[in-house]
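To keep things clear, I will list the structure first and then write my remarks on it.
Note: hydrogens, waters and symmetry copies are ignored here, and every other heavy atom, side chains too, is used. Every chain is numbered from 1 and lettered A, B, ... according to where its sequence line falls, protein lines coming before strand lines. On a predicted model such as this, the values are computed, not experimentally measured, just so you know.
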There are 2 protein chains.
Amino acid sequence: MKERILAFQHLSPEQTEQLTSMGVDVIPADQWDTARDISIVFGWSTEHGLAVLQDPHNNVHWIQTVSAGVDYLPLDWITAHDIQLTNASGAFSAAIAESTIGYLLYFLRDFNEAVKNQAGHFWQRPLRSEMATLASQKVVIYGTGSIGQHIAELLNGFGNYPFGVNRSGHGVSGFQGTVAMKDDADLVKDADIIINAMPATPSTVHYFNTDFFDKLNGTRVFVNVGRGKSVDEQALMHALLYQKVLNAGLDVFETEPLPKDSKLWDYPNVLITPHQTGFAGAENIRAIFGYFKDNLASWTQDGKLTVNLTDPSRGY
Amino acid sequence: MKERILAFQHLSPEQTEQLTSMGVDVIPADQWDTARDISIVFGWSTEHGLAVLQDPHNNVHWIQTVSAGVDYLPLDWITAHDIQLTNASGAFSAAIAESTIGYLLYFLRDFNEAVKNQAGHFWQRPLRSEMATLASQKVVIYGTGSIGQHIAELLNGFGNYPFGVNRSGHGVSGFQGTVAMKDDADLVKDADIIINAMPATPSTVHYFNTDFFDKLNGTRVFVNVGRGKSVDEQALMHALLYQKVLNAGLDVFETEPLPKDSKLWDYPNVLITPHQTGFAGAENIRAIFGYFKDNLASWTQDGKLTVNLTDPSRGY
């Protein structure tokens, strides 16, 4: 039987044509509730996705997300029903890594002060002694997957060889060393820069809490480009206030959009971007569609998914 | 006779000790007008420097600046009196190159909008289609000396191979191609990013003028980390208004400090930093002092200056 793909992700006529030429049916998002025999879902709808999976007329056995994180999907249901799940890990890594370097330079090169001074037409040179190059900083990256590796690679270009933290402490290329999460205390106590690039899983929720920040001693920049839930925002604000952390670049938040009354907006040493670090226009879409086609080709040939297969029970 | 160094540049006791152990006298800045027989000047004073050179009690034959640019020195006088001039080129290049990448990411990764939205507690995601990676941009760098080469090197780490523009069009490593200044029209007409890293010389004054900007067609980011005099600011503002240039990151200006009533301060797509891109605290000072010591060693040995000898008649 022909595979029938429900595309929650918008497809161009050319993309639809490419897929149908591979011998599959493509159903546009707006027919989600009338279509029958859906076997593959491309993209997701938080509103209708679960209903599509649960509809007895369908038989979904594979979901391809257009995001790297999969924490917003009904993972328990997906696990219980043996649905395979592939994500878009890698499609955003280059852009996220670039943004991360951007946050670091924004604070290290004193743009944060410059922007405020510019508003008041105020020519105020920073203290030369307070500035440093990125090359000279001790960087620790949490998460050594696609995003963490891309960040490390860019740092290497600056002559900076970061440390990595992951679950087991296994070595990863581009890092001068890696430790397991449980052994990070010695590593972070004199870190100049700490970057979170971990997925959201039960073991990373509020990993960056008061206990964590108490280990620090004036970390110059803390960056979160992983998931908002990994950071206890109250604890971070406390750490900023007590100079455990001097500056923070944040792209993800416990609640998104960040509520209008969040005190984070007004911290003078925090740069807030609205969950956009991965954006890179056509570059993202080209990559994701490429992953999907590669998977579809192997799936229709021998029932295997070769790109970005996740373990829904683990959440990444 | 012992060399006698007037140090307009502040020296630590350790640094003074290092110099005197090389067999020279070191005179602190505040004794500029009472000291006699000064033969070497380290650093500069716009107020008193020329008087020291002209004082018949002195016999200055070498000036070591603590800056890369030398355009603020009395170059005619220095040329006419055969004084050798070494600069600090290279001491700031790493920091300037990092700042330059910072300007590019600030605009490419949409921080400029984010900063403004943050002030209003406004969660506004940019259009994904309008964002791009630095890797994908066509970059043209004016000036392929120490600073230009450092910028190219960092760009290479992003998978970006820039074009260079210099006087003769001679090739330089790290660049995918170079052209002579007079042949730049074809190169810049579709440039995404243009960076000025040229010294201030008669041939670079107002190089970036209306004629130049008219060649462009929506250059995403124009960066000036060279000298302020290279850019006709009126022409730049006009280019910004008519979207020949979409954004600008400026560290140097025609008049510094940038006058309080300059209209540049209020351009929403301009980032102004107060001539600070080269700042990197102890890293700068270590490098400059190293150059000076290397030169002093060769000078006292055989009268030669080996590091960063400039041609005062050319201005770099």
Return the CG to CZ distance between A/Leu258 and B/Phe122, rounded to the nearest 0.5 Å.
13.5 Å
Per-residue tally against chain A (heavy atom, under 4.5 Å) across B/Pro257, B/Ala114, B/Gly281, B/Gly157 peaks at B/Pro257
Please classify the contact between A/Leu264 and chain B as side chain, backbone, both or neither, with a heavy-atom cut-off of under 4.5 Å.
backbone
Crowding at NZ, B/Lys229 (>12 non-hydrogen neighbours, <6.0 Å)
no
Verify whether the ring centers belonging to A/Phe111 and B/Phe111 lie closer than 6.0 Å.
no
Under the 3.5 angstrom rule, does the side chain of A/Glu98 hit a backbone N or O of B/Leu105 as a donor-acceptor pair?
no
Euclidean distance, A/Tyr106 OH relative to B/Leu271 CG, rounded to 0.5 Å:
8.5 Å
Using a 3.5 Å distance criterion without hydrogens, assess whether the side chain of A/Gln276 forms a donor-acceptor pair with backbone atoms of B/Met131.
no
Name the region of A/Asn284, side chain, backbone, both or neither, that has any atom closer than 4.5 Å to a heavy atom of chain B.
side chain
In terms of heavy-atom contacts, B/Trp265 and A/Gln118 come closest through O-NE2, 3.1 Å
Distance from B/Leu104 atom CG to A/Ile101 atom CD1, nearest 0.5 Å?
13.0 Å
Between OG of A/Ser99 and CG of B/Asp110, what distance do you get to the nearest 0.5 Å?
9.5 Å
Report which part of A/Ala282 has an atom under 4.5 Å of a heavy atom belonging to chain B: side chain, backbone, both, or neither.
neither
Are any side-chain N or O atoms of B/Arg109 and backbone N or O atoms of A/Phe279, one a donor and one an acceptor, separated by less than 3.5 Å?
yes
B/Arg128 to A/Phe92 - nearest heavy-atom pair and separation
NH1-CE2, 3.5 Å
Choice from A/Asn156, A/Asp266, A/Leu127 maximising heavy atom contacts with chain B below 4.5 Å
A/Asp266
For A/Glu283, is it the side chain, the backbone, both, or neither that has a heavy atom closer than 4.5 Å to a heavy atom of chain B?
side chain
Classify the side-chain pair A/His121/B/Asp261 by whether it contains a donor and acceptor separated by less than 3.5 Å.
no
Side chain from CB out, backbone as N, CA, C, O: work out which of these in A/Gln124 comes under 4.5 Å of a heavy atom of chain B, or both, or neither.
backbone
Which pair of heavy atoms, one from A/Thr133 and one from B/Ala280, lies closest together, and at what distance?
CG2-CB, 3.8 Å
With a 4.5 angstrom heavy-atom cut-off, is it the side chain or the backbone of A/Phe158 that approaches chain B, or both, or neither?
both
Under 4.5 Å, counting heavy-atom pairs only, tell me which of A/Ser136, A/Gly159, A/Pro126 racks up the most with chain B.
A/Pro126
So, the part of A/His150 with a heavy atom under 4.5 Å from chain B: the answer is neither
Which one wins on heavy-atom pair count under 4.5 Å against chain A: B/Ala94, B/Ala135, B/Gly102?
B/Gly102
Within a reach of under 6.0 Å around CD of A/Glu256, are more than 12 heavy atoms found that belong to other residues, nucleotides or ligands?
yes
What do you reckon, is NZ of A/Lys116 surrounded by more than 12 foreign heavy atoms closer than 6.0 Å?
yes
Is it the backbone or the side chain of A/Phe253 that comes under 4.5 Å from a heavy atom of chain B, or both, or neither?
side chain
Do B/Trp123 and A/Lys260 come close enough that some side-chain heavy atom pair is under 4.5 Å?
no
